[in-house]
Amino acid sequence: MIITADKPDGGIEMDARSILLVHTPDEDGLCQGCYEFTCTFARFPCSQARWAQAVQDGDVS
């Protein structure tokens, strides 16, 4: 699946929000976003979700 969209000037905060919307845990604790986009099994929180949460928390600029 390829997602394309016109991005407004939102910077990495908008990217982080988008990542957190799709990288969510399933009932077994695996990341649904990683499986859907790359067909990999990763424990939640995956590296993408950890990065996005750090951005949301203000730990990354």
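Just the heavy atoms: all of them, side chains too, but no hydrogens, waters or symmetry mates, feed the values below.
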Quick one: pull up CD in Gln32 and OG1 in Thr24 and give me the separation to the nearest 0.5 Å.
4.0 Å
Do Ile12 and Ile19 belong to the same hydrophobic cluster, where Ile, Leu, Val, Met, Phe, Trp and Tyr are linked whenever their side-chain heavy atoms lie under 4.5 Å apart, directly or via other members?
yes
Within the structure provided, determine whether Gln56 and Leu20 are in side-chain contact (heavy-atom separation under 4.5 Å).
yes
For residues 41-49, which side-chain donor-acceptor pairs fall under 3.5 Å, sequence neighbours excluded?
from  : atom 1 : to    : atom 2 : distance (Å)
Arg43 : NH1    : Asp28 : O      : 3.2

Which value, rounded to the nearest 0.5 Å, describes the distance between His23 atom NE2 and Tyr35 atom OH?
14.5 Å
